[in-house]
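To start, the structure itself, in structure tokens.
In what follows, every chain begins at residue 1, and chains take the letters A, B, ... in the order their sequences are listed.
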Amino acid sequence: MTAEPTFVDNDQRPLGHGRMLRKEDPRFLRGKGRFIDDVQLPGMLHLAILRAPLAHARILSIDTTAAQAHPRVKVVVTGEMLAERGLAWMPTLAEDVQAVLATDKVRFQGQEVAFVVATDRYAARDALELIEVEYEPLPAVVDVRTALDPGTPVVRDEQPGRTDNHCYDWEAGDAAATDAAFARAEVVVRQELVYPRVHPAPLETCGAVADYDQAERTLTLWCTSQAPHAHRTLLAGLIGLPEHHIRVISPDIGGGFGNKVPIYPGYLCAIVGSQLTGRPVKWTEDRYENLVSTAFARDYVMTGEIAATRQGRILAVRARVLADHGAFNAVAVPTKYPAGFFGVFTGSYDIAAAHCAVTAVHTNKAPGGVAYACSFRVTEAVYLIERLVDCLARELDLDPVELRRRNLLKPEQFPYRTATGWVYDSGDYPATLAEALRIADYDGLRREQAQRRARGELMGIGVSFFTEAVGAGPRRHMDISGIGMTDGSALVVHPTGTAELRVSCQSQGQGHETTFAQIVAEELGIPPADIRVVHGDTELTPFGMGTYGSRSTAVSGAAAALVARRVREKARLLAAAMLEVSPTDLVWDKDSADGRFHVAGDEGRHVTIREVARYAYGSADLPEGVDGGLHAQLTYEPPDLTNPYGAYICVVDIDPATAVVTVRRFIAVDDCGTRINPMIVEGQVHRGLTDGVGMALMEMIAFDELGNCLGGSFMDYLLPTALEVPDWETGFTVTPSPHHPLGAKGIGESATVGSPPAVVNAVVDALAPFGVRHIDMPLTPSRVWSALPPSR
Amino acid sequence: MRVRMTVNGEEVMRDVEPRTLLVHFLRDDLGLTGTHWGCDTSNCGACAVWLDREPVKSCTVLAAMASGHEVHTVEWLERRNEFEGGAPGELDTVQRAFMACHGVQCGFCTPGMLMTVRALLDRNPDPTEWEIREAISGQVCRCTGYASIVKAVQWAALQERGRGAS
Amino acid sequence: MQVPAPFEYERATSVEHAIGLLERLGGAARLLAGGHSLLPMMKLRLAHFEYLIDINDLHHEWGRIVVEPTRIRIGALARHRELLENAELRRVFPIFHEAERVIADPLVRNRGTIGGSLCQADPSEDLSAVCTTLDARCVIRGSGGERVVSMAEFYRGPYETAVGDAEMLVEIQLPVRPGGSSAYEKVGRRVGDWAVVSCGVAVWLRDGLIADARVGLAAVGPNTTGIPEISQALRGREPSEDVYAEAGAIAAASCTPVADQRGTVEYKRHLAAELTRRALRRAVERARHEAAPVGGR
């Protein structure tokens, strides 16, 4: 008989913020979700893509005759045919170009070479085998460390004047001041750290259904897109259709995690297929295609150095990064930040001087690098600093928590400007740390560790204190392909008092249909059940930059709150007219269950929001200068980023003989400012913690020396199951964002950012008695064992 | 070839290619799109359905193999109450549990998870936490971190024991 | 998701029917049991057969676990889950329960069969190691009759067995000897993964001393002999940590691991030794507490 589990009651407040159960759940529970592969249109055809078997090879010839002769095949398309339409290449989100279908050569294993459109997916797959491609293999560039060596094959030789694999250089901070600080420092610790290539691997792969109407010259594209409006704008340029003739619909999405931000060649292929056949064309990728060719994450080889006093005061931090961008630079980052937000690598600490230099190179691997809840490379930055801090603690023989205490930013230092120019909005770091230590019983854990060590057992405790930078962002700083990162929001209250909120961000599971209804409910007093959140369809929603970088709450959430307030302000004018008082004589009753304005000092004289709506559309006279209806639309430009943060503690046990790592406990205390729906916040955290265990212990997209991708299936790219993760222990503090209308900061990526270093720190901590200072992820049993001294 | 099987209590008969996978038969031929697919190598479990009342990965079963047998998908769960003596029109306990405990985020793994945990509770009305985790260990969720799914199963088990359900 | 190339499908109504079909269709035909080894390979188009012969209807006759006084007979169509949950099998050969616990996952175990696993002959496959450990005999039936082979004869190499094109593995027979017990150890990078290394041990005690011992390793090179060097070294010895360490050292020296994403050669050898020690220790403890075996001495 199990002990009675305790369930935190969902308080089901009638309005506003709180642990409200999700409105979108019923369709998913009943199997009535509408995902891309569920889309069925009359006459729909299926598309399959032929992909390169080699990492680097010249294409000598392509013979599609046999494929075209297949009775169920409608059309076969090669790069040459796309080139005639000016579509063989397309711009990436990083101001580079990417091949849609290869023409001269293939540059990574899995690259798109040709496609077929057939009556069904089985026939399409069969037809691929009938396409004959003759390749001339070329040596592959696989090792990022030697990619710039003289004599290395050039991946991007299609670019005139190109002689090497250099992609770009980027730096941040003050090199001179940093060098000076290092020269003076009593203690300097240096560590090379690799953040391996990993993949977001959403459970639903990417796909699209393109429906081109030849008569109207319009395109409807169902697509796994985290940013439907951005896709529409960018597609207009690509396919030569005006933007107002394109509709992008992201229906239910089975997980995004940054994997569904880019425009993939497959989407273009589906569009061309539909244009050629005059019928809807569906493309849904295999898992192999997803893992081998779509946006991977990380792949940073970093050398970090940290300078400090003997007493553990950090003076400076320096980083040199070699970034593998694959064959094309296709990262989804704001234009002015080619290395994303890596500049926040000074972390949560008061560090006076810092400098980093990032060199990005091309290799014969898939394009990408920014994905998997990285907050634009914050994952890499946080990993660097949190590992360096632990290495420093080991060097100084200081407890890692104590070392952090001596350097954490203090509440009075906010807003804080880092040595690399980033501004953190707010935080009470000591309080959050204290809460984590309390939940974990940190001192108790250290005592237990000492006892277990005495018995020869390997127990480790790892700490991570991370600061995020999310919610992009102000237009002049944050744009993607020239489009400012603002979000629109539109709210209409109908005559019968129910409402629709149209948002530009797109949910892939984050619960927007619930939380955004809660935001409006809090502002307007309409129950969430009476508010429908519309998202994902460019025809039905205002322009915005989509969901990634934890920006939904930070940007669209702000937009929703402000548009609701704008509606409320109009409602005030109408209510005043109904009650025949001046608008300033009215009090908005925030806690009423029906959105009331009452006359100041006379609560008996009131009107509800429902009554106001009826009046807005009714037949009685309206006040002077006020038009009918009850709606508003605005575009919100965040004044700055937000900085959620957290303190994480991981406890691991390692089998001394087999080196198998077990995560026994994970304590996560997050501060995301105002928590609109704590239940959903916790769910987001749980996910990120699972990501962290996965990346730390088992996930890696590996390649062999020929450039063959070894992580093309879930047999090789291992994801954590329910047996690999503990019951998560979460806590929270609340330090509102000073600039967000609700004080909310966003939470979506915090745990993915903060958890990998906690796990790695724990493993290294467990092995401290053997003098192990660092092991690179993934910490498989073999890699952990191999880090132990031979005498073991 | 012709296949004939019972799906969600109804007899169905279709002509299919022998190589048609059960997951595609259910989704494309029968329009039951609640069952999903997410991988190539029988790892992810998004395709889990019942074959003769046992959860299986329908991407690794031919429709031909299921011919003559009984298949149940997530679409049947909400009617299970009707069949098994509960209140018609009410979602099954495990479905209500996933909602009560936030066991659903993107919803893609959900149908498979529901079928597996329903089968678990049918065999083992009082599973330990480990038994629950083991039961779903062949299925991947990328959103929930599993803890809320475990709690949902515990909630459902409590509900059904409290009701004295069969 | 990837899908197989076209093929024809037949459903066998009896073993004779299945064998007859195999004879008629030759190497282009393959038996289809659980399908969880065959279908994934065909979906990835790493293998193709023009005819699949579904033998699942034979499960009622050829999927049973029969306990006899001196042996246990397991029908080739017995599903992993049945092997996991069979109480008698667990009592006599705990190694089966321990191995099945760490084979694949519960959904795959609902379908996959012991026959399918043995016939796929993946070098990392756990039941092959279990059967080697228990000195199993494989009963193969063809149109000419039945033959019984040892595991060493059954397993010919990666993905290659002694079962001919027109033959079918129908039964696995495990001799029951008094005074014995068994155990299984596996290390994987994650639940359900192929083993980095796994190890099965069977040990028999007489008068407190080791009468015999067999070790079956998986994923570290061919091993279908039960490592006779270990049996020789342990016979007549009193069980102790030193004896376990010695067996482990022999196991490590006897295997031929290959470096890959699962581990280095050194680590795999180390695991071979460590897992042999652990499994042997547990098997001995069990044998010591073992009640009288089935059918008595």
Handout entry: Sidechain-backbone polar pair: A:Ser782 side chain, C:Thr264 backbone, donor-acceptor under 3.5 Å
Key = yes
Handout entry: Contact class of A:Leu723 relative to chain C, heavy atoms under 4.5 angstrom
Key = side chain
Problem - Crowding at CZ, C:Arg90 (>12 non-hydrogen neighbours, <6.0 Å) - result: no
Practice task
Provide the closest heavy-atom pair for C:Arg262 versus A:Met715 in the form atom of the first, atom of the second, distance.
Solution key: NH2-O, 4.2 Å
Practice task
Identify the two heavy atoms, one from A:Pro781 and one from C:Gly188, that lie closest to each other, and give their separation to 0.1 Å.
Solution key: CG-O, 4.2 Å
Practice task
Check whether any side-chain heavy atom of C:Pro6 sits under 4.5 Å from a side-chain heavy atom of A:Asp126, and report yes or no.
Solution key: yes
Exercise for the section: Could you give me the CA-CA distance, side-chain angles and deciding distance for A:Thr658 and C:Leu275, then say whether side-chain contact (heavy atoms from CB on, under 4.5 Å) is met? Expected result: CA-CA 8 Å; A:Thr658 64; C:Leu275 297 186; 4.2 Å; yes
Problem - Toward chain A, the part of C:Arg45 with a non-hydrogen atom under 4.5 Å - result: side chain
Handout entry: Atom pair CZ (C:Arg189) and CG (A:Leu718), whose distance is rounded to the nearest 0.5 Å
Key = 4.5 Å
Problem - C:Glu266 vs A:Trp785, side-chain contact (heavy atoms from CB on, under 4.5 Å): CA-CA, chis, key distance, verdict - result: CA-CA 10 Å; C:Glu266 296 73 31; A:Trp785 185 82; 4.0 Å; yes
Completion exercise
Interface check, chain C: of A:Asp716, A:Thr205, A:Leu719, most non-hydrogen pairs under 4.5 Å belong to A:Leu719
Practice task
Please look at A:Glu289 and chain C and tell me whether the side chain, the backbone, both or neither of the residue comes under 4.5 angstrom of a heavy atom of that chain.
Solution key: neither
Exercise for the section: Considering only NZ, NE, NH1 and NH2 on the basic side and carboxylate oxygens on the acidic side, decide whether A:Asp655 and C:Arg278 come within less than 4.0 Å. Expected result: yes
Practice task
Provide the closest heavy-atom pair for C:Gln261 versus A:Ala702 in the form atom of the first, atom of the second, distance.
Solution key: OE1-CB, 3.5 Å
Exercise for the section: Without swapping roles, check the side chain of A:Glu724 against the backbone of C:Val191 for a donor-acceptor pair under 3.5 Å. Expected result: yes
Exercise for the section: Mark yes when over 12 heavy atoms from residues, nucleotides or ligands other than A:Arg125 sit less than 6.0 Å from its CZ; otherwise mark no. Expected result: yes
Handout entry: Rounded distance (nearest 0.5 Å) linking atom CG of C:Asp193 with atom OG1 of A:Thr780
Key = 10.5 Å
Completion exercise
Of A:Val660, A:Leu710, A:Thr284, the largest count of non-hydrogen pairs under 4.5 angstrom with chain C goes to A:Leu710
Handout entry: Over 12 foreign heavy atoms within 6.0 Å of CD, C:Glu238
Key = no
Problem - Heavy-atom check, side chain of C:Met1 versus side chain of A:Arg287, under 4.5 Å - result: no
